[in-house]
Visitor: 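Handing you a structure now.
Everything quoted here is computed from the prediction, not taken from an experiment. Read the numbers this way: they start at 1 and go in the same order the structure lists the ligands and their atoms.
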Amino acid sequence: MLKIVRTTPYTDQKMGTAGIRKKSTVVEQPNYIENFVQSIFNVLGGVEGQTFVLGGDGRYYNKIAIQKILKMAAANGMKKIIVGQNGFISTPTSSRVLLDNHADGGLVLTASHNPGGPKGDFGIKYATKTGGQCSSAVSDKIYAETKQISEYKTLDAPDVDLSKIGVQKLGNMEIEVIDSVTPYVEMMRGIFDFEAIRKLFAGGFRFVFDAMNAVTGPYAQRIFEQELGAAKGSVLNAVPMEDFGGLHPDPNLIYAKELVDIMYSDNAPDMGAANDGDGDRNMILGKKFFVTPSDSLAILTDNYKYIPAYKNGIYGVAKSAATSTAVGRVAEALNIGYYEVPTGWKYFCNLMDSKRITFCGEESFGTGSSHIREKDGIWAILFWLNIIAATGKSVEEITREHWAKYGRSYYMRNDYDGIDVDLANKLMADLEARLPSLKGKTFGQFTVSEARPFIYNDPVDGSSTQNGLVVYFTDKSRIVYRLSGTGTNGATLRVYLERFETNDFDKNMQKFLEPLADVSRQIGEIVERTGKAKADVLT
Ligand code: G1P
Ligand code: ZN
């Protein structure tokens, strides 16, 4: 039975870098999810007759939110909704299923790499029919709608059983429950040389993947163990859990501790990898060796010809401004298009749709290609495995050869967490005002060659976006400052540091970047303003 429910708006439903991301306790407030979802439907002019894809990374509240959304979709006249079995779907798979089914939109319930559980985070990402996120103009409209919404539609109906694959009805809406692993496996089979990777594993190549008790466990077991023949048990923490078993499903050196310990032990396997909660981020490790995401993007791009799907050529490559410049040198050598965009995957999508780029990536462990409109964790890992299978070289050898050819960008991100929002905004505004005065000034061994806000003019839709502030130095060092758009606790100031080196590739990264980190604090007046002598998190 159709029900129209009166509601009062919340004022905090503005989408950030990747949808809305909130504490679970916030999302559990009455009508919180309903307001946001109905606002999307309203801004679309209604969803009557439309098809959507729905699923999440299985975190706490996934089950509840899915039932709410199914009932709302049916009440709003949606024709069909495609849902992952048990409500699970990885972000990359959702993008693929959406494109394959010519769906009108998609909702992925995830807070990505943030912890889950009642005390963790929850979130919703909205995708358009392109398989990627909506433009800022649309998310602004949705935000405006959330601030004035007064009612939503839902059905008074029992919960839907999402455990069985197949088609069922809710009101007049068709619900198709799919095995979301299969379409993803088929997509990967169409891109990479599975036969070559199978031979690699058959030859004794040792591999370990940490699914961090999140959505990619079943995908990884099927692809790496069953399809490609990696040893049974190669996939760690393979069972998705509502609280990720207490893990923080962020694939980096700090949070993927179990994997890092294995890869830095004396009996380390040949390669290690991890994904985040919803499967779009990746980390790549060799034996006692870490590949920075910025280097990974550069290395994948340089080796595109080993991959069947790309061997006839690639269009170009893009990175977020904060990401190191390593891939820029590759783009120049390959003579392909090269773009620097603001942080947030949506900026890559126009470039992919218009065939300007094939690959793209961010320093924050995100790499992807035009096969979908999201970053893709397992894709990046298969890309590495395919290069290793084709060249017979190790992760470390491939990376060192890359540095020898192009030089090395030593690179780190410093995060200052939990800053008061007004204070952080003022820090950035004041720094922006000071930028013109920095040119030519010397800080220790570094002299500023240029300092300006990063402004991106989208070549496709003509929009202009400012994201962060960049200080360039005469020795090719760079500092980028920006505020996080995904935090759930005050403001996070991110400071990205980069130094270029053509000879010595064995410097201690942190030591080498420390003088630049000091300069970044000085230029940003970070210590005086935030009271923090050092960054809280270094990645
Ligand atoms: C962070 C990352 C960014 C990524 C986003 C979503 O956003 O820095 O690269 O696209 O998460 O995964 P931020 O918190 O910096 O706005
Ligand atoms: Zn993610």
Visitor: Could you tell me whether some N/O pair between Arg21 and ligand 1 is separated by less than 3.5 angstrom?
Guide: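 There is no such contact.
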Visitor: Any atoms of ligand 1 less than 4.0 Å from a non-hydrogen atom of Gly485? List them with their elements.
Guide: 13 (P), 14 (O), 16 (O)
Visitor: Side chain, backbone, both or neither: which applies to Ser364 and ligand 1 if a contact is any heavy-atom pair less than 4.0 Å apart?
Guide: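 Answer for Ser364: side chain.
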Visitor: Provide the number and element of each atom of ligand 1 under 4.0 Å from a heavy atom of Arg482.
Guide: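 Per the distance check, 13 (P), 15 (O), 16 (O).
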Visitor: Over all heavy atoms of both residues, which pair between Phe383 and Asn303 is shortest? Give the atoms and the distance, please.
Guide: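 Heavy atoms of Phe383 and Asn303 come nearest at CE2-O, 4.2 Å.
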Visitor: Quick one: look at Thr486 and ligand 1, take heavy-atom pairs under 4.0 Å, and tell me if it's side chain, backbone, both or neither.
Guide: both
Visitor: For the Zn ion (ligand 2), does an N/O/S atom of Asp276 lie at less than 2.8 Å?
Guide: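 So Asp276 does bind the Zn ion (ligand 2) by this criterion.
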Visitor: Side chain or backbone, does Ser484 bring an N or O within less than 3.5 Å of an N or O on ligand 1?
Guide: yes
Visitor: What about Arg494: any of its N or O atoms under 3.5 Å from an N or O on ligand 1?
Guide: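 Yes; the residue has a nitrogen or oxygen that sits under 3.5 Å from a nitrogen or oxygen of the ligand.
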Visitor: Under a 4.0 Å N-O cut-off, is there an ion pair linking Arg529 with Asp430?
Guide: yes
Visitor: Please tell me if the side chains of Asp376 and Thr367 come closer than 4.5 Å, counting only heavy atoms from C-beta onward.
Guide: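 No, their side chains stay 4.5 Å or more apart.
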Visitor: Could you see which bit of Lys346 sits under 4.0 Å from ligand 1, with heavy atoms only: side chain, backbone, both or neither?
Guide: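 No part of Lys346 is near ligand 1 at this cut-off.
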Visitor: Could you confirm whether Ser112 has any N/O/S atom lying under 2.8 Å from the Zn ion (ligand 2)?
Guide: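 Yes.
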Visitor: What are the two closest non-hydrogen atoms of His371 and Leu99, and how far apart are they?
Guide: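 Minimum heavy-atom contact is O-CD1, 4.4 Å.
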Visitor: Does the N or O separation between Lys375 and ligand 1 drop below 3.5 Å for any pair?
Guide: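 Indeed, backbone or side chain, Lys375 has an N or O that close.
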Visitor: Does the structure place the NZ or CZ of Lys147 under 6.0 Å from the centre of the six-membered ring of Tyr143, at an angle of no more than 45° from the ring's axis?
Guide: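 Yes, cation above the ring, under 6.0 Å and within 45°.
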Visitor: For the rings on Tyr406 and His402, is their centre-to-centre separation under 6.0 Å?
Guide: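 Yes, the ring centres sit under 6.0 Å apart.
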Visitor: So that I can tick it off, tell me whether Arg478 and Glu340 are bridged by a salt bridge, with the cut-off set at under 4.0 angstrom between side-chain N and carboxylate O.
Guide: yes
Visitor: Any idea which atoms of ligand 1 are less than 4.0 Å away from a heavy-atom of Thr343?
Guide: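 Those qualifying, in numeric order: 3 (C), 9 (O).
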Visitor: Tell me: protein heavy atom nearest atom 1 (C) of ligand 1, and distance?
Guide: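 Protein heavy atom with the smallest distance to atom 1 (C) of ligand 1: Arg281 NH2, 3.7 Å.
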Visitor: Quick one: nearest non-hydrogen protein atom to atom 4 (C) of ligand 1, plus distance?
Guide: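 Checked against all protein heavy atoms, atom 4 (C) of ligand 1 sits closest to Glu362 OE1, 3.4 Å.
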Visitor: On the 0 to 90° scale, with breaks at 30° and 60°, tag the Trp403-Phe289 ring pair as parallel, tilted or perpendicular.
Guide: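 Aromatic pair Trp403/Phe289 classed tilted.
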Visitor: Tell me, please: is Arg413 in heavy-atom contact with ligand 1, that is, under 4.0 Å?
Guide: yes
Visitor: With heavy atoms of Glu363 as the reference, note each atom of ligand 1 found under 4.0 Å away.
Guide: 8 (O)
Visitor: For ligand 1 and Leu483, I'd like to know whether there is a polar contact (N/O to N/O, distance under 3.5 Å).
Guide: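 Min N/O separation from ligand 1 is not below 3.5 Å for Leu483.
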Visitor: Ring centres under 6.0 Å, that's the criterion: do Phe224 and Phe207 meet it?
Guide: yes
Visitor: Does NZ or CZ of Arg499 lie under 6.0 Å from the centre of the six-membered ring of Phe512, at an angle within 45° of the ring axis?
Guide: yes
Visitor: So, for Tyr310 and Phe359, is the gap between ring centers shorter than 6.0 Å?
Guide: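 Between Tyr310 and Phe359, the centre distance is under 6.0 Å.
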Visitor: OD1 (Asp278) to the Zn ion (ligand 2) to OD1 (Asp280): angle, nearest 10 degrees?
Guide: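 Centred on the Zn ion (ligand 2), the OD1/OD1 angle is 100° (to 10°).
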